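Beneath this line is the structure, given in structure tokens, with notes to follow.
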Amino acid sequence: MELNKIKKAEKLDKNFYTRDPLTVARELLGKIFVRRENGITLLGKIVETEAYDGATDESAHSYNGKTKRNAVMFEEGGVLYVYFTYGVHFCANVVTGQKDEGTAVLLRAFEPLNNFDLLAERRFNKSDITEKEKLNLTNGPGKICQAFNIKRSENGISLLGNQIYILNSEPVSDGMTVQTTRIGIKKSTELPWRFYIRNNPFVSKK
DNA sequence: ATCAAGATTACCT
DNA sequence: GGTAATCTTGATA
């Protein structure tokens, strides 16, 4: 079965994460995000990402330097940066680069691969969902965190541990990769730092 | 102490 | 297409 093959893939290592955020954002497409809790393993294929770089990018949380909120973003690549926004949602980022650079990749959408009942319970308070609702499980940064139970307590967690990590996969070809401008920001809107897999139905927006 | 804004989502017309 | 929901943080005083 396909899932068994995925589970045997290798965990992405430190060297993957300590590169620049644009490269990591591009290469994270197609990789398998793993969330383990209480013996349950949730799997999601990463289909949409955005890069943020505090050095030049006014929309990055890290642009104005380190604060209590964004401190994790300044750690060495390979940890998870989780923040709370609009009083409602959490968003999860993969921290990239070297220590004190303040770079990260926002995880914007997954294609869910297993445990659809649990994901549906968390998102819609029911396990039976329509095909349309299935597409709405993890097609946005806040939805990912709700479905995969990522919250404050996961901020700063290492991606090299066994609770949350990412598995390698075949690279997504250039032809299947779309690079465009980011969503939901008001500054640095011209930067083409968003990546998604072409024609994937779980991407948050065309 | 006060206040505005926010890397969003769901629901309304 | 418009907007309410809901709360934490960081800036300013």
Side-chain angles (χ1 to χ4, degrees), chain A residues 17 20-26 28-29 33 44 46-75 77 79-97 101-112 119-126 129-157 159 164 166 178-197 201-206:
Chain A
Y17 297 110
D20 72 278
L22 275 175
T23 302
V24 176
R26 162 72 178 78
L28 273 177
L29 292 181
F33 186 93
I46 299 170
V47 300
E48 180 183 352
T49 61
E50 285 179 356
Y52 287 86
D53 181 348
T56 57
D57 171 11
E58 289 187 77
S59 69
H61 288 171
S62 50
Y63 183 68
N64 287 314
K66 193 193 280 191
T67 65
K68 190 163 124 191
R69 179 205 199 195
N70 66 21
V72 168
M73 208 172 156
F74 287 86
E75 291 185 20
V79 298
L80 199 70
Y81 166 48
V82 180
Y83 65 86
F84 185 60
T85 192
Y86 292 102
V88 185
H89 304 287
F90 291 100
C91 294
N93 301 251
V94 169
V95 175
T96 60
E101 283 184 346
T103 63
V105 174
L106 173 68
L107 301 174
R108 283 198 58 92
F110 293 166
E111 175 175 338
L119 300 182
E121 284 288 352
R122 286 178 174 165
R123 289 273 298 122
F124 308 123
N125 285 313
K126 59 179 182 179
I129 55 171
T130 63
E131 279 302 303
K132 193 174 176 183
E133 285 170 325
K134 185 179 172 185
L135 292 175
N136 197 21
L137 284 173
T138 52
N139 60 339
K143 300 175 188 179
I144 284 175
C145 288
Q146 188 184 5
F148 277 63
N149 194 26
I150 295 170
K151 48 201 185 304
R152 238 178 285 280
S153 51
E154 280 67 45
N155 187 33
I157 209 168
L159 296 171
I164 295 179
I166 303 176
V178 179
Q179 178 172 6
T180 180
T181 51
R182 297 172 296 179
I183 290 179
I185 53 174
K186 296 209 173 85
K187 301 171 189 164
S188 300
T189 53
E190 73 287 354
L191 299 174
W193 287 4
R194 174 173 177 241
F195 299 86
Y196 64 86
I197 298 179
F202 294 90
V203 169
S204 65
K205 278 184 195 168
K206 288 280 171 58

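Computed from a predicted structure; not experimentally measured.
- In summary, the side chains of A/R123 and A/Q146 do present a donor paired with an acceptor at a separation below 3.5 Å, with no hydrogens or angles considered.
- Nucleotide C/dG10 holds its C1' atom 17 Å from the OH atom of A/Y63, rounded to whole Å.
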| note | Writing each nucleotide of DNA chain B 5' to 3' as (, ), [, ], | or . by Watson-Crick or G-U pairing under 3.5 Å yields ||||||.|||||.

| Base, backbone or nothing for each nucleotide of nucleotides 3-13 of chain B, written B, S, -, heavy atoms under 4.0 angstrom, 5' to 3'? | ---BBBSS---

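- By the side chain to side chain contact (heavy atoms under 4.5 Å, CB included) test, A/F84 is found to be paired with A/F90, A/R152, residues two or more places apart in sequence or in another chain being considered.
- Counting non-hydrogen atoms of neighbouring residues, nucleotides and ligands closer than 6.0 angstrom, the NZ atom of A/K187 reaches no more than 12 such neighbours.
- Partners of A/F124 under the side chain to side chain contact (heavy atoms under 4.5 Å, CB included) rule, at least two apart in sequence or in another chain, are A/K126, A/I129, A/E133, A/N136, A/L137.
- Taking the P atom of each, C/dA4 and B/dA4 are spaced 16 Å apart, rounded to whole Å.
- For A/T23, the side chain to side chain contact (heavy atoms under 4.5 Å, CB included) test picks out A/R19, A/D20, A/E27, with sequence neighbours left out.
- Within the 4.5 Å cutoff, side-chain heavy atoms of A/F33 are placed close to those of A/I150.
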Sequence neighbours excluded and cut-off under 3.5 Å, please list the side-chain donor-acceptor pairs for residues 189-197 of chain A, or say none.
{"from": "A/R194", "atom 1": "NE", "to": "A/E48", "atom 2": "OE2", "distance (Å)": "2.9"}
{"from": "A/R194", "atom 1": "NH2", "to": "A/E48", "atom 2": "OE2", "distance (Å)": "2.9"}
{"from": "A/R194", "atom 1": "NH2", "to": "A/K205", "atom 2": "O", "distance (Å)": "2.7"}

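- Residues A/L107 and A/L28 meet the side-chain proximity criterion, which asks for heavy atoms closer than 4.5 Å.
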